[in-house]
Structures are given as structure tokens and as C-alpha cells.
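Every value quoted in this text rests on a predicted model; they were computed, and no experiment measured them.
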Amino acid sequence: MAATFVSYNIASRAMEASQASINVVGNNISNIKTEGYTRQRVDVVSVTNSGMVQKYANPQISSGLGAKATGTTQLRDPYIDARYRNQNSENSRYETMVKGLTNLEDVFDEASAQALMGEFSSFVLDLNSLAQTPGTSDIAQVVRSAAEKITQMMNMYANQLDEIRTEQTENLEVTVDSEFNTFVKNIAALNEQIQREEIYGNTPNELYDQRNLLIDKLSGISNIKVSMVPVDVISENLSIPHYRITMENPSGGEPIMIVDNGKYGEMSLDAKTDPLNVKLSVVDTKGNLRDDANDLISDGKLYGYLSIINGKGTFASVTENSAKGIYYYNEKINIMANKFAEEFNSINSDIFVEDTTDLVNGYKLNTEPLNLFTDDSGSTTANLTARNIQVSTEWLKNPSYINTTKKPFIEGLPATTDYKSTPTEPDNVLRMIKRMSDQIDFKDSMGSTILTGTFNEYMTSVVSEVGTDVELYTNFSKTATNVFQTISDSRDSVSGVSLNEEGINLSAFQKVYNAAMRYFNVLDENLDNVINKMGV
């Protein structure tokens with residue numbers, strides 16, 4: 001027969017377990033709005049009476065010794081956590097790219113502003129006016145002004161692309177310094193603190209929550225993998241998980257260890273060596289410099305920024321970022337600026353000039369460039385880009401530097417020549433007008449044709465391309481957000497606090513507590529009968 005006061009121990013344990021459960025429910029309710037909080041529950045186990053053989057015990061009526069609260073556990077699902085973090089990386093990447101591409105779309109906004117295509121149209125209209133009165137200096141000056149507006153518009157596109165690159169690079173720098181490096185440092189510090197608590201036998205659930213929240217935020221910055229092996233053996237009876245976070249190598253090479261228990265890596269950014277190709281590097285937890293971080297970053301905000309800043313699209317080599325970013329669209333505008341200058345410089349230069357060595361015909365085809373458009377040197381096109389294209393110095397000095405005819409009048413030539421004795425023929429102007437509607441091959445630096453069409457069609461293709469990219473990545477972002485929300489809801493159903501559910505639990509545990517108190521009363525009444533009433 002069990003000792004008399006064993007029943008009191010059972011009732012006492014029942015009250016303790018119920019009170020602990022009530023306390024945990026209260027803690028859950030108080031943290032219902034706390035970011036990163038994980039719902040907790042009390043671990044209750046049955047207490048056995050085995051371990052001692054009682055001589056006259058009847059096994060058929062033997063009972064346990066009640067229930068005992070052994071600890072507090074967080075309700076988390078590691079599989080859902082991994083899915084949540086992977087989807088968070090993808091979601092952050094698309095959001096970052098949509099913002100960057102939207103900025104690019106604003107640069108090439110041909111719909112709401114009188115932009116480059118509008119200046120092309122004005123240029124053609126002014127050329128038509130010059131064709132009607134080719135000898136008028138005033139009209140030539142108007143044409144030059146229209147040409148200046150075209151170059152200024154190209155300059156503006158390039159400058160705005162530079163501004164976006166600067167802005168995106170600054171955002172990337174903030175993400176690296178204020179987010180990535182801060183998160184990994186704080187996670188490592190929490191690892192050390194958690195390990196000390198675990199060594200002393202504590203269960204620091206609140207520290208777990210802080211660490212998990214930081215890891216969730218870190219997953220939005222870059223693709224990461226969290227592992228808790230191998231375990232650290234503290235003693236024969238105590239082993240603690242070894243917490244590691246890595247950036248995995250997609251090609252199967254060595255990953256970058258960014259957190260190794262209490263050690264952490266540090267990321268840095270180099271945007272000065274080559275502003276068109278921002279480079280990220282990491283000093284890992286062992287102190288090794290890993291300058292291949294760009295190759296290992298495949299998701300998150302970091303990948304989104306790198307794609308916008310470094311993305312070369314079809315101009316990229318096999319090892320370069322193939323997203324259509326600032327570099328890609330800048331190169332597209334450079335190609336157009338070079339082709340525009342090349343075509344009009346060629347027409348203006350392709351005229352006949354006086355030939356003093358040819359006394360019979362008296363003229364020859366000009367071989368010297370008479371550039372209407374140059375780079376910022378004002379005389380050559382050697383380094384011409386959309387950023388520095390301008391009206392040539394000679395044309396700025398003389399509005400009539402634009403040659404209206406291929407065969408100008410040359411004073412003193414013999415009458416037998418084919419020259420017309422009028423300086424006001426518009427044939428060259430008509431060639432320029434026609435060139436604006438000609439099908440032209442636009443080629444990249446390797447000589448490959450990227451588009452055949454007019455200048456307007458080329459610009460339309462650029463505008464359409466960036467618009468298509470914005471729409472595409474916006475759709476990707478919406479899909480990723482929907483998937484992320486679904487996973488987040490699944491996670492909340494496991495780890496989140498539900499006020500209705502906690503209310504039901506609170507009522508249930510209160511009833512158990514009251515029942516345990518009633519059990520105490522029954523035992524007290526029975527003991528009173530045994531002591532005070534038996535044998536009377």
C-alpha cells in the first residue's frame with residue numbers, strides 16, 4: 001500500500017503543473033504582439049512509482065505518482081523555418097529589383113515627358129525647315145539648338161543612370177554594414193550567451209526568439225543555410241548544438257562560414273576600383289578573405305542590388321551578372337549616341353572640296369571629318385558616350401557648319417566643272433532627314449547587331465524593354481509574396497499566439513487546478529476521518 005502522504009504529493013504536483021501552465025499561457029498572451037515571439041508550452045510528464053518493489057503491493061491497482069512539469073518548450077517547426085527563410089530571400093530579391101528597375105523606368109519615361117523621341121521629332125521638323133531655306137543662317141542655328149537638346153537629353157539619361165547607380169550602391173553599402181554585419185555579429189553574441197545558459201541547465205527561450213528573429217532578418221539579406229551540427233560535448237551527460245550559418249556555394253565549392261557559434265565573419269564592399277562592377281568580399285570566421293562573395297550570393301537584397309548595379313544583360317560574359325541592370329541600359333544608350341554621331345558626322349563630312357591638283361575637274365571627295373557631334377573634347381569622337389556627347393566646337397562657333405549640300409559652290413573653279421553655282425542646295429539636309437527614318441544596324445562593341453531599325457524604334461525598344469522587366473519582376477514579386485504569406489501563415493499556426501486558443505487553454509488549466517484543489521480537500525477529509533473518527 002502506498003504511503004499516506006503520497007496522494008498529497010500527487011495533488012501538489014498537479015497544482016504545480018497547472019499553475020506553471022497558467023503562467024505560460026499568461027506569458028503567451030502578454031507577448032501576442034511581440035515581434036519574433038514563439039508560443040510556449042509546459043512539458044508535463046507522468047511520474048512513475050517504479051524503482052522500488054513493495055512486498056505486499058497489488059500491481060493491478062498500482063498507480064503512478066501524478067504529473068510533473070519538467071520545462072518550457074517553444075513550438076517551432078524546423079522545416080517550416082527553413083522554407084520561410086528561403087522564401088524570404090527570394091521575396092526580398094524581387095522587391096529590391098522591382099524598386100531598382102522602377103527607377104530605371106522613370107529615367108526612360110517617354111510617355112509623360114517630352115523626352116528623347118520628342119527631341120528627335122523636333123530635330124526632323126527643324127531639318128525640314130532648313131531644307132526649304134538652306135542658305136538661312138537663322139534656321140541653321142535653330143537646327144543646331146535642336147541637336148543640342150538631343151545631346152543634352154542623352155547626357156541627362158547617362159547622368160540619371162549614374163545617380164541611380166550611386167543611390168543603389170549607397171543602399172547596398174547600408175545593407176552590408178548596418179544589416180548584414182550587424183546581424184551576424186549579434187547572432188554570434190547570442191550564441192555565446194545561449195550556450196552559457198544551456199551549460200547551467202537553463203532553457204533561454206527568449207534568447208532563442210531573439211536569435212531566430214535575427215536569422216529571419218538575415219535571410220532577407222542573402223541566401224543562408226543554418227545548421228546545428230556537430231554538437232559540442234560539454235560533459236558526459238551534456239551536449240550542446242554547435243550553431244553555424246553559411247553562404248552556400250551554388251557550384252558546389254567551399255561555402256563561406258559567416259557564423260560559427262561565437263565567431264562571425266565580416267562583409268565589405270568595393271565600389272571604387274570599378275564602379276561599374278561592385279565587388280563584395282567576406283572575411284570568414286577563420287579570418288580567411290573570400291573575394292568570391294559575388295559568386296556565392298544568389299538571393300536576398302544583396303543579389304537584388306548586385307543585379308541592378310552590375311547587371312550587364314546580353315553584354316555579360318559567362319561569369320558576369322546577366323540581369324538587365326544599370327550597366328546594360330547605359331550601354332544601350334551609349335550605342336545609340338555613338339550611332340547617332342557616326343551617321344550625322346558621316347553625312348556632314350561626305351562632301352566635295354576644292355582640288356588644286358586637279359586642274360581638269362577641280363574637286364575631290366573630302367576625307368577629313370567635319371564632325372557635327374563629338375565627345376567632350378569638342379573635336380573628336382574617340383571617347384564618345386551618351387554621358388559626354390555634345391555639339392562640336394566648330395558647329396557651336398558657326399551655325400552654318402552643317403553642310404546643306406554635298407556639292408557646295410567653290411569660288412574660282414572652272415566653268416567646266418559639275419558644281420552648281422549656288423550654295424543653297426538642300427540635298428545633304430534631305431539625306432539627314434532620310435537617315436532619321438532609315439533602317440540602321442545598331443551594333444555592340446563586338447560588332448554584333450543588336451537591333452535593326454530607326455533611332456525612334458531603337459529608343460522604343462529600350463523603353464519597352466525596361467517596362468517589360470518592371471512588369472516581369474513585379475509579377476515575380478507578387479507571386480513570391482503570396483507564397484511567402486502562405487508559409488508565414490503556416491508558421492504562425494505553429495509558432496504564433498492565438499488569443500482564442502490561449503483563452504481556451506487558460507480555462508482548461510484553471511479547471512485542472514480547481515480539480516487538484518478539490519482532490520486536496522477530499523484527501524484532507526479522508527485523513528480527518530481516519531485520524532479523528534475511526535476507533536471512536
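Ile335 CD1 to Phe442 CZ: the interatomic distance, rounded to the nearest 0.5 Å, is 9.5 Å.
In summary, the side chains of Tyr329 and Asp469 do present a donor paired with an acceptor at a separation below 3.5 Å, with no hydrogens or angles considered. If you check the side chains of Arg144 and Asn398, you find no donor sitting under 3.5 Å from an acceptor. One side chain, Ser281 or Ser268, offers a donor N or O that lies under 3.5 Å from an acceptor on the other. With hydrogens and angles left out, the side-chain atoms of Gln485 and Asp489 include a donor and acceptor closer than 3.5 Å. A donor and an acceptor atom, one from each side chain of Asn86 and Arg83, are nowhere located under 3.5 Å apart. Of the N and O atoms on the side chains of Asp375 and Ser377, at least one donor lies less than 3.5 Å from an acceptor on the other residue.
The shortest side-chain heavy-atom distance between Met117 and Thr460 falls under the 4.5 Å cut-off.
Counting only residues at least two apart or in different chains, salt bridge (Lys or Arg N to Asp or Glu O under 4.0 Å) contacts with residues 254-273 comprise Arg244-Asp260. Judged as a side-chain hydrogen bond (donor to acceptor under 3.5 Å, both in side chains), the pairs with a partner in residues 437-446 (not counting sequence neighbours) are, in order, Lys434-Asp438, Arg435-Asp438, Gln439-Glu457, Asp441-Thr452.
A salt bridge links Asp81 with Arg491: the distance from a Lys NZ or Arg NE/NH1/NH2 to an Asp or Glu carboxylate oxygen falls below 4.0 Å. Remark: Lys339 engages Glu343 in a salt bridge, criterion side-chain N to carboxylate O under 4.0 Å. A salt bridge is absent between Asp126 and Lys149; no separation between the charged side-chain nitrogens and carboxylate oxygens falls under 4.0 Å.
Partner of Phe373 under the ring-ring contact (aromatic ring centres under 6.0 Å, His included) criterion, chosen from Tyr401, Phe123, Phe340: Phe340.
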